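Structure record follows, encoded as structure tokens.
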Amino acid sequence: MEALKDKYAPYFRIGAAFENHDLDKADLIATHFNSMTCANAMKYGSLTQKPGEYRFDNADKLLEFARANDIAMHGHTLVWHNQTPDYIFENASAEQLLDTLRSHTRLVREHFGDFETFDALNEAIEDKSDEYLRDTKWLNILGEDYIAKIFRVIHEEMPNTELFYNDYNECIPEKRAKIVRMLKQLIAEGVPVAGMGMQFHISIYDPSMDEIKRSIEEYAALGLKLRISELDISVYHPGKEDPQISLTPEIERIQAERYGELFKILRSYAKHIEAVTFWGVADSDSWLNYFPVMGRRNYPLLFDDNGQPKEAFYRVMDF
Ligand code: GLA
């Protein structure tokens with residue numbers, strides 16, 4: 001069977017996010033993927049929970065695997081409202097919080113070395129229509145211009161790394177407009193943002209291919225590099241609690257067609273896209289089996305529970 005990463009070598013890297021336990025699929029991963037993201041292991045809260053105490057072992061194992069298999073590592077993530085230890089915010093002034101972020105970034109670089117790309121900031125834009133920035137501790141402590149500040153500090157500590165902004169629902173026009181507004185302002189101020197991570201947690205229903213094209217064009221028009229950073233295609237309506245279904249031949253065909261159409265579009269914008277990364281490898285490992293409905297089976301990826309290629313895999317490879 002031809003490998004995804006080889007077929008796509010003329011276009012972009014093919015990545016996957018995974019955890020240590022996914023290394024039981026080491027062969028499958030090494031065959032098809034040449035980019036990787038630690039699903040959790042490099043998040044702030046995975047590296048430290050107490051002042052001065054850091055653990056790197058989980059991320060180290062994944063990085064070692066990546067290096068041994070010639071897989072590029074994409075860093076994920078430095079500033080986020082989730083999975084971040086509370087202690088860094090407690091009684092912190094703006095100056096102290098920025099210093100803490102500086103030390104954290106320095107440690108991460110000293111420990112792991114330089115990455116080509118890193119998510120500096122994750123999900124800072126609010127979903128609700130009438131609000132712009134998400135209300136977070138970072139915003140509250142550092143103030144309205146916190147995004148420029150954190151990018152600058154991170155860039156000083158990681159000068160050789162392209163820094164990305166990463167977000168979801170990035171193809172929904174209203175949210176997209178807010179993300180574009182923020183990115184434009186950063187670029188106008190000379191803030192070192194190099195790329196946009198389009199998460200692409202999408203479904204077989206939404207968004208339309210036209211909206212996807214428009215979104216890629218709008219982000220690319222800012223002069224940023226793009227990564228499709230967390231791709232999966234749910235078989236349920238987005239955000240709804242549809243009852244559990246099984247992967248019938250009909251649903252598998254619809255999903256495969258959508259994957260096929262999506263990759264056709266992505267290939268046509270390949271000059272803007274550095275990598276297309278799936279959030280997981282096999283359906284059984286997907287976070288969508290727990291979210292938004294705990295225990296509801298989903299089938300959002302290219303490989304089934306046994307690591308066998310699904311119809312979607314063949315469609316993505318068929319061009
Ligand atoms: C977000 C984050 C990821 C991951 C996924 C779900 O999109 O960026 O790190 O937590 O949600 O697993």
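Numbering of ligands and ligand atoms starts at 1, following listing order. Nothing here was measured: the structure is a model prediction, and the numbers come from that model.
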Do any N/O atoms on Asn40 end up under 3.5 angstrom from N/O atoms on ligand 1? no

Are side-chain N/O atoms of Arg267 and Tyr8 paired as donor and acceptor at under 3.5 Å? yes

What atoms in ligand 1 come closer than 4.0 Å to a heavy atom of Trp80? 2 (C), 10 (O)

Just by distance, no angles: are the side chains of His74 and Asp119 close enough, under 3.5 Å, to form a donor-acceptor pair? yes

When you measure from atom 9 (O) of ligand 1 to every protein heavy atom, which one gives the shortest distance, and what is it? His76 NE2, 2.6 Å

Heavy atom under 4.0 Å from ligand 1: found in Thr77's side chain, backbone, both, or neither? neither

Can a donor-acceptor pair be found between the side chains of Asp285 and His21 at a distance below 3.5 Å? no

Distance-only donor-acceptor check, side chains Asn298 and Ser234, under 3.5 Å: yes

Classify the ring geometry between Phe33 and Phe278 as parallel (under 30°), tilted (30 to 60°) or perpendicular (over 60°). perpendicular

Which residue supplies the protein heavy atom nearest to atom 11 (O) of ligand 1, what is that atom called, and how far is it? Glu230 OE1, 3.8 Å

Ring-plane angle category for Tyr44 and Trp138, please: parallel below 30°, perpendicular beyond 60°, tilted otherwise. tilted

Under 4.0 Å from one or more heavy atoms of Glu123, ligand 1 contributes atoms 1 (C), 2 (C), 7 (O), 8 (O)

Counting from 1, what ligand 1 atoms have a heavy atom of Asn122 closer than 4.0 Å? 2 (C), 8 (O)

Residue portion contacting ligand 1 (non-hydrogen atoms closer than 4.0 Å) for Tyr168: neither

Looking only at protein heavy atoms, what sits closest to atom 10 (O) of ligand 1 is Lys43 NZ, 2.9 Å

Looking at His201, which atoms of ligand 1 are within less than 4.0 Å of one of its heavy atoms? 7 (O)

Distance to the ring centre below 6.0 angstrom and angle to the axis at most 45 degrees; does that hold for Lys175 and Tyr168? yes

Closest protein heavy atom to atom 12 (O) of ligand 1, given as residue, atom name and distance to 0.1 Å: Trp279 NE1, 3.2 Å

Hydrogens and angles aside, do Tyr259 and Glu311 bring a side-chain donor and acceptor to less than 3.5 Å of each other? no

Logged contact type for Phe291 with ligand 1, heavy-atom cut-off 4.0 Å, is neither

